[in-house]
Amino acid sequence: MSTLYRTFGKRAVDLVLSLAGLVAALPLLLLGAALVRARLGAPVLFRQRRPGRGGELFTLLKFRTMTDARDERGELLPDERRLTPAGAFLRRWSLDELPELLNVVRGDMSLVGPRPLLEEYLERYSPEQARRHEVRPGITGWAQIHGRNELSWPRRLEMDVWYVDRISLGLDLRILVTTAWKIVTGEGISAAGHATSPRFRGASGDGA
């Protein structure tokens with residue numbers, strides 16, 4: 001049953017739920033777009049290349065939550081200095097993630113799976129950690145309901161691989177329901193001292 005779900009059922013569930021989600025969330029999508037346009041200006045969407053299944057790159061879509069403020073050397077300021085109050089609000093309620101439903105419809109992502117991380121991390125994973133790319137990345141995942149950005153990098157990546165080995169309809173539904181609760185409680189939105197989490201420096205390190 002789990003093999004059948006992994007091969008065919010998961011994609012079918014993704015399509016049905018993401019299309020329904022786009023329709024149901026249309027007012028929130030419009031609200032988010034209006035808020036970003038009013039507070040941050042254009043463009044409304046944040047686009048960035050991220051590795052998906054098999055490490056293949058795709059364009060991730062999110063609402064912008066940060067400015068492009070840079071220091072005197074032209075380098076972007078730390079995330080916590082660029083995150084705006086409007087952006088913090090969008091992140092608190094995970095509204096910035098709603099455009100990713102389009103990624104799910106296009107087949108770049110799944111509703112549930114390891115989060116799509118930065119392209120530069122690809123060369124830093126151990127062979128075991130790299131197995132997180134055996135499946136489509138997700139809007140939410142096993143690590144997201146067990147600490148999210150509060151987790152250390154080794155623990156987070158370990159959970160990603162744990163999920164890859166145990167994909168099932170029951171597990172995905174459990175993750176989706178728990179995610180809704182986590183959004184309400186606001187648990188794990190950021191690591192201590194960071195707007196999100198420290199950068200991943202390699203398989204042997206925790207981050208920054």
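These figures come from a predicted structure and were not determined experimentally. Hydrogens, waters and symmetry mates are skipped; everything else that's a heavy atom, side chains included, is used.
In this structure, Leu57 is not a member of the same hydrophobic cluster as Leu117, with clusters built from ILVMFWY side-chain heavy atoms closer than 4.5 Å. Cluster annotation: Val112 is connected to Trp162 through the hydrophobic network of ILVMFWY side chains, with a link wherever side-chain heavy atoms come within less than 4.5 Å. Following chains of ILVMFWY side-chain contacts shorter than 4.5 Å, one can reach Leu173 starting from Ile183, so the two form part of one hydrophobic cluster. Residues Leu151 and Val161 are members of separate hydrophobic clusters, defined by side-chain heavy-atom contacts under 4.5 angstrom among Ile, Leu, Val, Met, Phe, Trp and Tyr. Both Leu176 and Leu28 sit in one connected hydrophobic cluster of ILVMFWY residues. Membership requires side-chain heavy atoms under 4.5 Å apart, directly or through other members.
Between the side chains of Thr65 and Arg91, a donor-acceptor pair is found at a separation under 3.5 Å. Between the side chains of Arg39 and Thr84, not a single donor N or O lies within less than 3.5 Å of an accepting N or O.
Between the side chain of Asp14 and the backbone N or O of Val104, no donor-acceptor pair lies under 3.5 Å. Arg136 places a side-chain N or O within 3.5 Å of a backbone atom of Gly107 that can act as its donor or acceptor partner. Within the 3.5 Å criterion, the main-chain N or O of Arg53 finds no donor-acceptor partner in the side chain of Glu56. Side-chain N or O atoms of Gln144 include one that pairs as donor or acceptor with a backbone N or O of Gly141 at under 3.5 Å. A donor-acceptor pair is defined here as one N or O able to donate and one able to accept, closer than 3.5 Å; such a pair exists between the side chain of Arg6 and the backbone of Val164.
Here the closest heavy-atom approach between residue Leu76 and residue Asp68 is recorded as CD2-O, 3.7 Å. Nearest heavy atoms, Pro116 versus Gly138: CD-O, 3.5 Å. Summarising the geometry of Asp160 relative to Arg132, their closest heavy-atom pair is OD2-NH2, 2.8 Å, with the distance given to 0.1 Å. The two atoms that bring Arg156 and Ala143 nearest to each other are CG-CB, 3.7 Å, heavy atoms only. Across every non-hydrogen atom of Ala25 and Leu98, the tightest pair is CB-CD2, 4.3 Å. The minimum heavy-atom distance linking Phe58 with Pro137 is given by the pair CE2-CG, 3.9 Å.
Through direct or relayed side-chain contacts under 4.5 Å between Ile, Leu, Val, Met, Phe, Trp and Tyr, Phe46 connects to no other residue.
Annotation for Glu120: atom CD counts as buried by contact number, over 12 foreign heavy atoms lying within 6.0 Å. Heavy atoms from other residues, nucleotides or ligands lying under 6.0 Å from CZ of Arg70 number more than 12.
Pairs of residues two or more places apart, or lying in two chains, that qualify as salt bridge (charged side-chain N to carboxylate O under 4.0 Å, His left out) and include a residue from residues 166-183 are Lys10-Asp172, Lys182-Glu187. Applying the ring-ring contact (aromatic ring centres under 6.0 Å, His included) test to every pair with at least one member in residues 96-122, sequence neighbours left out, gives these pairs: Tyr121-Trp153, Tyr121-Phe200.
To the nearest 0.5 angstrom, Tyr163 atom OH is 6.0 Å from Leu171 atom CG. Interatomic distance, Tyr125 OH to Leu122 CG, rounded to the nearest 0.5 Å: 6.0 Å. A distance of 13.0 Å separates CZ of Arg81 from CG of Leu83, quoted to the nearest 0.5 Å. Atom CG of Asp96 is separated from atom CG of Leu35 by 11.0 Å, given to the nearest 0.5 angstrom. Rounding to the nearest 0.5 Å places CD1 of Ile167 at 7.5 Å from OG of Ser110. We find the CG-CG distance between Leu101 and Leu19 to be 9.0 Å, quoted to the nearest 0.5 Å.
Salt bridge annotation for Glu97-Lys62: present, with a cationic side-chain nitrogen under 4.0 angstrom from a carboxylate oxygen. Salt bridge annotation for Asp165-Arg131: present, with a cationic side-chain nitrogen under 4.0 angstrom from a carboxylate oxygen. A salt bridge links Arg115 to Glu100: at least one charged side-chain nitrogen sits closer than 4.0 Å to a carboxylate oxygen.
Shown here are the salt bridge (Lys or Arg N to Asp or Glu O under 4.0 Å) partners of Arg106, two or more places apart in sequence or in another chain: Asp108. With sequence neighbours left out, Ser94 forms a side chain to side chain donor-acceptor pair (under 3.5 Å) with no residue at all. Scanning for side chain to side chain donor-acceptor pair (under 3.5 Å) contacts around Arg64 gives an empty result, with sequence neighbours left out.
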Going through the checks in order, is the side chain to side chain contact (heavy atoms under 4.5 Å, CB included) test met by Ile175 and Thr178?
CA-CA 5 Å; Ile175 291 172; Thr178 307; 5.9 Å; no
Walk me through it: do Leu29 and Leu22 pass the test side chain to side chain contact (heavy atoms under 4.5 Å, CB included)?
CA-CA 8 Å; Leu29 284 163; Leu22 281 170; 4.0 Å; yes
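Proximity of Thr140 to Leu111: side-chain heavy atoms (C-beta onward) are nowhere separated by under 4.5 Å.
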